[in-house]
Amino acid sequence: MAEVLKVAMPKGRIYKKAAQLFREAGIFIPDDVDDSRRLVIPIPEANMEFIMAKPVDVPTYVEYGVADIGIVGKDVLLEENRDVYELLDLGIARCRMSVIALPDWQPGIHLRVATKYPNVATRYFREQGEQVEVIKLNGSIELAPLIGLADRIVDMVETGQTLKDNGLVERESIFGITSRLIANRVSYRMKNDEIQQLCSQLEKVMAGNGEILSNS
Ligand SMILES: Nc1ncnc2c1ncn2[C@@H]1O[C@H](COP(=O)(O)OP(=O)(O)OP(=O)(O)O)[C@@H](O)[C@H]1O
Ligand SMILES: O=P(O)(O)OC[C@H]1O[C@H](OP(=O)(O)OP(=O)(O)O)[C@H](O)[C@@H]1O
């Protein structure tokens, strides 16, 4: 009998896309998983248990082994730097991490950068040889340059609508973001058959989706 896989699922914008991918891979996921406030959801048909987590916490649950695997954005993986295996690029929830400023921004002496991703931002500016003060915010990052808290921000851009609506410009794209399948190091050994089986099911779907995309 295969062992139950504990899956840390990010609540919010990634969940629906991830559930859709699992369904396309032939895994039964009920439609109403994210309709309730339940946080631990057994899915016996799939031999899984979903742990509905805040996205930024997914790598923590996986590193500590309370979840065997998880789904998380590359942005969070790079920021959190947890000791987990990155198994697959799922190609969903695509966006990019960028440096953003007001159009008339000029380099100055004391540069402040606001972001939800202080580690990513600090690393990036250090590599650029720029000394900056990084200010951590938790949301509505675009406010910072508008009201004078920071000169620039490091944040995600998807459609560009938020930038447009706030009169901001993308100065540099730092890296592309998609969601990744990650695994706990011990679970990867102990539940290798179950995890490999899931990976190959997902890979087949992604290969199929890739063909559709490249044909369109
Ligand atoms: N437009 C976008 N803005 C932000 N994240 C996006 C976007 N598109 C895709 N993503 C991906 O979705 C992930 C989760 O974003 P989501 O907004 O659901 O969570 P969150 O930012 O932690 O929100 P909250 O703090 O409200 O829980 C991000 O880590 C990123 O990988
Ligand atoms: O390019 P766009 O399609 O406009 O998407 C980018 C916006 O989406 C995210 O914000 P989110 O909705 O997570 O809000 P928050 O940062 O205030 O939590 C991100 O921080 C940007 O503000």
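Whatever order the structure lists ligands and atoms in, that order sets their numbers, starting from 1. Only heavy atoms go into these numbers, but all of them, side chains included; no hydrogens, no water, no symmetry mates.
Salt bridge annotation for Asp34-Lys11: absent, with no cationic side-chain nitrogen under 4.0 angstrom from a carboxylate oxygen. Between Lys191 and Asp68 there is a salt bridge, since at least one side-chain N of the basic residue sits less than 4.0 Å from a carboxylate O of the acidic one. Between Asp31 and Lys16 there is no salt bridge, since no side-chain N of the basic residue sits under 4.0 Å from a carboxylate O of the acidic one. Remark: Lys116 does not engage Glu79 in a salt bridge, criterion side-chain N to carboxylate O under 4.0 Å. For Glu158 and Arg96, the salt-bridge test fails: no basic side-chain N is under 4.0 Å from an acidic carboxylate O. Ionic pairing of Arg180 and Asp89 is present here: one or more N-O contacts between side-chain nitrogen and carboxylate oxygen are shorter than 4.0 angstrom.
Polar contact check, Met156 against ligand 2: no nitrogen or oxygen pair lies under 3.5 Å apart. In terms of polar-atom proximity, defined here as any N/O pair under 3.5 Å, Glu158 does make such a contact with ligand 1.
Counting protein heavy atoms under 4.0 angstrom from atom 14 (O) of ligand 2 gives zero. Distance screen at 4.0 Å: atom 26 (O) of ligand 1 has no protein heavy-atom neighbour inside the cut-off.
Near Thr159, the atoms of ligand 2 lying under 4.0 angstrom from a non-hydrogen atom of the residue are 1 (O), 2 (P), 3 (O), 4 (O). Applying the 4.0 Å criterion to heavy atoms of Val76 picks out, from ligand 1, the atoms 29 (O). With ligand atoms numbered from 1 in the order given, ligand 2 contributes 21 (C), 22 (O) to contacts under 4.0 Å with heavy atoms of Glu142. The atoms of ligand 2 that sit less than 4.0 Å from any heavy atom of Ser140 are 15 (P), 16 (O), 17 (O). Every atom of ligand 2 is numbered from 1 in the order shown, and the set under 4.0 Å from a heavy atom of Thr162 is 2 (P), 4 (O), 5 (O), 6 (C), 7 (C), 22 (O).
When all heavy atoms of Lys17 and Arg13 are compared, the pair lying nearest together is CE-O, 3.9 Å.
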Side chain to side chain donor-acceptor pair (under 3.5 Å) evaluation trace for Glu80 with Tyr117: CA-CA 9 Å; Glu80 294 295 310; Tyr117 299 87; over 6 Å; no
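Ligand 1 is approached by Lys116 to a heavy-atom distance shorter than 4.0 Å. Heavy-atom separations between Ile177 and ligand 1 include at least one value shorter than 4.0 Å. Between Val157 and ligand 2 there is a heavy-atom distance shorter than 4.0 Å. In this structure, Pro55 has a heavy atom closer than 4.0 Å to ligand 1. Look at Lys164 and you'll find every heavy atom at least 4.0 Å from all atoms of ligand 2.
The part of Lys54 lying near ligand 1 is the side chain, judged by heavy-atom distances below 4.0 Å. With a 4.0 Å cut-off on non-hydrogen atoms, Met156 touches ligand 1 through its side chain and not its backbone. With a 4.0 Å heavy-atom cut-off, ligand 2 is reached by the side chain of Asp155 but not by its N, CA, C or O.
The protein heavy atom nearest to atom 29 (O) of ligand 1 is Asp75 OD2, 2.6 Å. For atom 8 (O) of ligand 2, the closest non-hydrogen atom of the protein is Arg13 NH2, 4.2 Å. In this structure, atom 13 (C) of ligand 1 lies nearest to the protein heavy atom Ile14 CD1, 3.5 Å. For atom 15 (O) of ligand 1, the nearest non-hydrogen atom of the protein is Arg13 CD, 3.3 Å.
For the pair Arg185 and Tyr85, the cation sits on the ring face: its NZ or CZ lies under 6.0 Å from the ring centre, inside 45° of the axis.
Ser98 and Glu170 form a side-chain donor-acceptor contact under 3.5 Å, judged by distance and modelled atom types alone. A donor-acceptor contact under 3.5 angstrom links the side chains of Tyr124 and Glu172, judged on distance only. A donor and an acceptor atom, one from each side chain of Gln161 and Asp165, are located under 3.5 Å apart.
In this structure a side-chain-to-backbone donor-acceptor pair under 3.5 Å is present from Asn184 to Ser187.
Side-chain contact between Cys199 and Leu181 is present, with at least one heavy-atom pair separated by less than 4.5 Å.
Nearest-residue assignment for atom 5 (O) of ligand 2 (options Glu158, Glu170, Gln161, Lys116; heavy-atom criterion): Glu158. Nearest-residue assignment for atom 9 (C) of ligand 1 (options Ala93, Gly73, Gly160; heavy-atom criterion): Ala93.
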